[in-house]
Protein chains: 2
Amino acid sequence: MSDSARRPIPPATVARLPAYRRALMDAADAGVRTVASGALADAVGVHPDQVRKDLSHLATRGTRGVGYDVRALITETSAILGLDEERVVVLVGAGNLGRALAAYEGFAPQGFRLAAVLDVDAAVVGTRIGALTIAHLDTLPTVVRRERADVGVVAVPGPAAHDVVDAMVAAGLRAILNFAPVHVRVPDGVVVRRVDLSTELQMLSFHRTNGARG
Amino acid sequence: MSDSARRPIPPATVARLPAYRRALMDAADAGVRTVASGALADAVGVHPDQVRKDLSHLATRGTRGVGYDVRALITETSAILGLDEERVVVLVGAGNLGRALAAYEGFAPQGFRLAAVLDVDAAVVGTRIGALTIAHLDTLPTVVRRERADVGVVAVPGPAAHDVVDAMVAAGLRAILNFAPVHVRVPDGVVVRRVDLSTELQMLSFHRTNGARG
DNA sequence: TTCTGTGAACAGATTCACAGCA
DNA sequence: TGCTGTGAATCTGTTCACAGAA
């Protein structure tokens, strides 16, 4: 079905697709039917050239003098990002961060469903977190199979992270979002993205001392 | 004082410095005095060539056949990242995410001090969050001046984010970490980094459908 | 006339290859 | 011999410039 089976899309473009998609959905909500590269560029914070180059990797073509069809772009970007069907997320770690992530309202609107929250701490296993009951990490393989989970999210302290990632890989997860401040080694075919607050703050701190002129 | 006033360090290298620094601190904790590019590369997940190229931008030189002095590298990377003196952080938004960030244990060890948490919601202003009392967003300029704040963290819903960023810029903050899923426009000299859970999940979703071979 | 689509030029980052010191 | 330091080659991504359809 998907005619997104084209030439490979450059990673830099893929990284911008979610932002385009969000801007497009905002435009659609506002009743806009057609959008020019300049308008998209403004919304996302890049140059219009960049937008056109990025969109040239898609099947949807714009019309000269007019722009791109908003609905068509939403449909295609959603398909490319695999969001035309529901994505199932399993979260490990029910500490402060884990709880905040579990309460995050941004999952559902983008097509993600949080199916389970797991932890190893006997004190929290069995307690509820929103609509979910926290289960033990040992049940991960069962949960992944039962829910047909796609993505694992790691919100445990650094020292525990690699074991959790290994367990996720063993359970069959092939896409992992790691909030722990450690690099994890995974087999080919598994992709890990790391989000680290401390790294971000340090990069900002660098710009604070350098960057400025005085 | 700082002899880090060398040629500009490439952004890609700056982005890796926090990871090197963390690995170096781990090594120092383990009693290691000297580290080779290969060992650092393993810890951080890059090629040894990359490590040497990155470290060649620093003043610290390695010794051939041996490696780099761990303490010297920690000192210099800390100075470059501006972590040789305390960095003061102000957080706006005391919802789920804001609370999780406020409780984050990783601030202090890296030299960051959370000085204040602000919100606009009268229901939370005045309540405590850890050792801090939540203040109203209107007090931002006062707080920034009093605490000599360096970095602002935005943990409010998307629609409110741009106003908060504008207020931060007006209050004199020049480095902002934005967790809201919107692009914000800021004047020259102000740097904004965006961290968005939804974008990360969508990129993983992409790899889940593509990337794999079957 | 406006805005797309794309080849060409350019810039930045990574990887390679190897010379040279401990 | 082991590991650093760096120029050269390669690769990736961005910006420019412009031809061409609506």
Side-chain angles (χ1 to χ4, degrees), chain A residues 6-20 23-24 27 32-73 76-77 183 191 199 203 206-207 210-211, chain B residues 3 6-20 23-24 27 32-73 76-77 183 199 203 206-207 210-211:
Chain A
R6 312 174 65 69
R7 232 158 345 181
I9 301 178
T13 295
V14 173
R16 282 185 291 268
L17 287 184
Y20 293 143
L24 289 163
V32 176
R33 305 209 134 259
T34 221
V35 67
S37 60
L40 253 186
D42 282 350
V44 167
V46 299
H47 287 174
D49 295 330
Q50 185 77 80
V51 171
R52 293 204 300 280
K53 192 70 108 182
D54 284 338
L55 298 187
S56 75
H57 298 289
L58 312 196
T60 307
R61 310 326 270 164
T63 41
R64 293 155 203 240
V66 180
Y68 301 85
D69 183 78
V70 171
R71 294 233 62 84
L73 277 187
E76 191 180 4
T77 52
H183 167 74
V191 56
T199 296
M203 291 176 71
F206 171 85
H207 283 287
N210 313 77
Chain B
D3 58 351
R6 312 177 63 71
R7 229 147 356 167
I9 300 177
T13 295
V14 173
R16 282 185 292 267
L17 288 184
Y20 293 144
L24 289 162
V32 176
R33 304 208 137 261
T34 221
V35 68
S37 60
L40 252 186
D42 281 352
V44 166
V46 299
H47 286 173
D49 295 327
Q50 185 78 79
V51 171
R52 293 204 300 281
K53 193 68 109 188
D54 284 338
L55 297 187
S56 75
H57 298 289
L58 312 196
T60 307
R61 309 327 268 164
T63 41
R64 291 153 204 241
V66 180
Y68 301 85
D69 183 77
V70 172
R71 294 231 65 83
L73 277 187
E76 192 179 4
T77 52
H183 168 75
T199 297
M203 291 176 70
F206 171 84
H207 283 287
N210 312 76

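In what follows, chains are A, B, ... by sequence order, proteins preceding strands, each numbered from 1.
L24(A) and V70(A) get closest at one heavy-atom pair: O-CG1, 3.5 Å. The minimum heavy-atom distance between T199(B) and A15(A), with the atom names listed, is CG2-O, 4.3 Å. Residue L40(B) comes nearest to L55(B) through the heavy atom pair CD1-CD1, 4.1 Å, listed as atom of the first residue, atom of the second, then distance. Residues S37(B) and R52(B) approach most closely at OG-NH1, 3.3 Å, considering heavy atoms.
The phosphate of dC18(D) has neither OP1 nor OP2 within less than 4.0 Å of any side-chain N or O from R64(A). In terms of phosphate contacts, S37(A) brings no side-chain nitrogen or oxygen within less than 4.0 Å of OP1 or OP2 of dC3(C). Applying the 4.0 Å criterion to OP1 and OP2 of dA22(D), one finds that Y68(A) has every side-chain N and O outside that range.
One interatomic measurement links the two molecules: CZ of R61(B) to C1' of dC21(C), which rounds to 14 Å at whole-angstrom precision. Atoms CZ (R16(B)) and C1' (dA13(C)) sit 8 Å apart, rounded to a whole Å. Put simply, CG on D54(B) is 14 Å from C1' on dT4(D), counting in whole angstrom units. Atom CZ in R52(B) sits roughly 10 Å away from atom P in dC3(D) (whole-Å rounding). The separation between H47(A) atom NE2 and dT4(C) atom P is 16 Å, rounded to whole Å. Nucleotide dC16(D) holds its C1' atom 10 Å from the NZ atom of K53(A), rounded to whole Å. In this structure, L40(B) places its CG atom 20 Å from P of dG2(D), rounding to the nearest Å. Counting to the nearest Å, the C1' atom of dT12(D) and the CD atom of Q50(A) are 12 Å from each other.
Put simply, the side chain of Y20(A) reaches to within 4.5 Å of the side chain of V46(A), judged on heavy atoms.
The side chain of A12(B) has dA13(C) as its nearest neighbour among dT4(D), dA13(C), dT14(D).
Across all strands, T13(A) comes closer than 4.0 Å to no nucleic acid atom at all (heavy-atom distances). Using a 4.0 Å heavy-atom cutoff across all strands shown, P48(B) reaches no nucleic acid atom at all.
Residue whose closest nucleotide on DNA chain C sits further toward the 5' end, between G62(A) and G65(A): G65(A). Comparing G38(A) and P11(B) by the nucleotide of DNA chain C that holds the closest heavy atom to each, the one mapping nearer the 5' end is G38(A).
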